[in-house]
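All figures in this text were calculated on a predicted structure; none of them were measured in a lab. Chain letters run A, B, ... following the sequence lines, proteins first and then strands; every chain starts at 1.
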Amino acid sequence: MQYTPKTTDFFQNVFAIVRLVPKGRVTTYGAIAKYLGTGGSARMVGWAMNASHGVKPKVPAHRVVNRNGMLSGKAHFETPHQMEALLLKEKIKVKNEVVVDFEKLFWDPNVEIGI
DNA sequence: GCATTGACGAAGG
DNA sequence: CCCTTCGCCAATG
């Protein structure tokens, strides 16, 4: 895909944040959007994730879930089982397509990195 | 160029 | 408390 310079920058920012998420932790689309200053446009973060396939270094998109901790993007992986498998690999428990103890595992860039 | 969609989120009924 | 609607902004038809 060909993006405008501005859009590319936004996408790269999203990728950068996602790669900063520690192993065994998760974050949300909204938190990333807020950190980037785009606030309510959490959808754009999801859009960026959609473009993260094949990006190097690999973007741990499986650590990004919606605000309920639900694996809303699992269908976009190579296989719907992939996201869940990767999370379990990092000791993150998944129950009924939802991250267990999501609040404890939640990694907010606005807090961890600094506002 | 207008209409629809989308890995979201908050608010309203 | 569940379901619907609206706002967000870019990409796609």
Side-chain angles (χ1 to χ4, degrees):
Chain A
M1 291 193 264
Q2 298 178 8
Y3 319 107
T4 63
K6 187 176 182 179
T7 311
T8 305
D9 184 62
F10 177 79
F11 276 41
Q12 294 303 316
N13 277 320
V14 174
F15 298 156
I17 299 298
V18 176
R19 283 194 283 251
L20 289 176
V21 179
K23 197 173 183 180
R25 294 295 209 87
V26 295
T27 191
T28 69
Y29 303 95
I32 295 171
K34 187 176 182 182
Y35 182 78
L36 294 177
T38 47
S41 56
R43 295 182 125 158
M44 296 301 95
V45 178
W47 205 263
M49 292 292 97
N50 191 38
S52 69
H53 289 284
V55 175
K56 292 166 291 186
K58 176 185 170 186
V59 179
H62 57 279
R63 293 183 192 145
V64 184
V65 295
N66 68 1
R67 85 119 201 142
N68 296 307
M70 190 171 88
L71 311 185
S72 49
K74 67 167 191 169
H76 293 264
F77 282 76
E78 298 177 56
T79 64
H81 178 72
Q82 187 68 38
M83 186 172 188
E84 186 179 324
L86 289 169
L87 289 172
L88 290 173
K89 209 169 184 179
E90 300 183 0
K91 314 305 178 191
I92 300 175
K93 298 176 183 177
V94 178
K95 184 73 175 180
N96 195 25
E97 300 183 14
V98 178
V99 176
V100 179
D101 294 328
F102 168 69
E103 292 181 26
K104 296 178 184 177
L105 298 176
F106 178 51
W107 184 86
D108 189 346
N110 297 288
V111 177
E112 304 293 343
I113 299 176
I115 306 174

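- The CZ atom of A:Phe11 sits 8.0 Å away from atom CE of A:Met44, with the distance rounded to the nearest 0.5 Å.
- One distance of note links OG1 of A:Thr28 with CG of A:Asp108; it measures 7.0 Å at 0.5 Å rounding.
- In this structure A:Ser41 satisfies the side chain to side chain donor-acceptor pair (under 3.5 Å) test together with A:Thr38, sequence neighbours excluded.
- Counting only residues at least two apart or on different chains, the salt bridge (charged side-chain N to carboxylate O under 4.0 Å, His left out) pairs with a member in residues 37-65 of chain A are A:Arg63-A:Glu90.
- In this entry the distance linking CZ of A:Phe11 with C1' of C:dA11 reads 9 Å, nearest Å.
- The base of C:dC8 sits with one of its N or O atoms less than 3.5 Å from a complementary donor or acceptor on the side chain of A:Arg43.
- Taking every heavy atom of residues 61-68 of chain A and every atom of DNA chain B, pairs under 4.0 Å involve A:Ala61, A:Asn66, A:Arg67, by number.
- For A:Arg19, the side chain to side chain contact (heavy atoms under 4.5 Å, CB included) partners at least two apart in sequence or on another chain are A:Phe15, A:Val55, A:Pro57, A:Val59, A:Pro60.
- Computed from coordinates, the A:Lys34 NZ to C:dC8 C1' distance equals 16 Å when rounded to whole Å.
- Looking only at side-chain heavy atoms (C-beta outward), A:Val26 and A:Val21 stay at 4.5 Å or farther from each other.
- Atom CG of A:Leu36 and atom P of C:dA10 are 13 Å apart (whole Å).
- Boundaries of the chain A contact region on DNA chain B are B:dG6 to B:dA10, first to last in 5' to 3' order (nucleotide atom under 4.0 Å from a heavy atom).
- Atom CH2 of A:Trp47 is separated from atom P of C:dA10 by 12 Å (rounded to the nearest Å).
- Taking the side chain to side chain contact (heavy atoms under 4.5 Å, CB included) definition, one finds that A:Val98 meets it with A:Met70, sequence neighbours left out.
- In this structure, CZ of A:Phe10 is placed 15 Å from P of C:dC8, rounded to the nearest angstrom.
- A heavy-atom distance below 4.0 Å to DNA chain B is reached by these residues of residues 77-96 of chain A, ordered by number: A:Phe77.
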Full working for side chain to side chain contact (heavy atoms under 4.5 Å, CB included) between A:Asn50 and A:His76: CA-CA 7 Å; A:Asn50 191 38; A:His76 293 264; 3.9 Å; yes
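- Sorted by first then second residue, the salt bridge (charged side-chain N to carboxylate O under 4.0 Å, His left out) pairs that include residues 68-88 of chain A, not counting sequence neighbours, are A:Lys74-A:Glu97.
- Rounded to the nearest Å, the gap between the P atom of B:dT4 and that of C:dT5 is 15 Å.
- Of the P atoms belonging to C:dC8 and B:dG1, the separation is 23 Å, rounded to the nearest Å.
- With sequence neighbours excluded, the residues that form a side chain to side chain donor-acceptor pair (under 3.5 Å) with A:Asn13 are A:Asp9.
- Partners of A:Phe77 by ring pair (Phe, Tyr, Trp, His ring centres under 6.0 Å), not counting sequence neighbours: none found.
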Bracket notation of DNA chain B in which parentheses pair within the strand, [ ] cross earlier pairs, and | pairs with another strand (Watson-Crick or G-U, under 3.5 Å): .|||||.||||||
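- With sequence neighbours left out, A:Pro22 forms a side chain to side chain contact (heavy atoms under 4.5 Å, CB included) with A:Arg25, A:Trp107.
- Residues A:Val45 and A:Ile17 are not in side-chain contact: their nearest non-hydrogen atoms beyond the backbone lie 4.5 Å or more apart.
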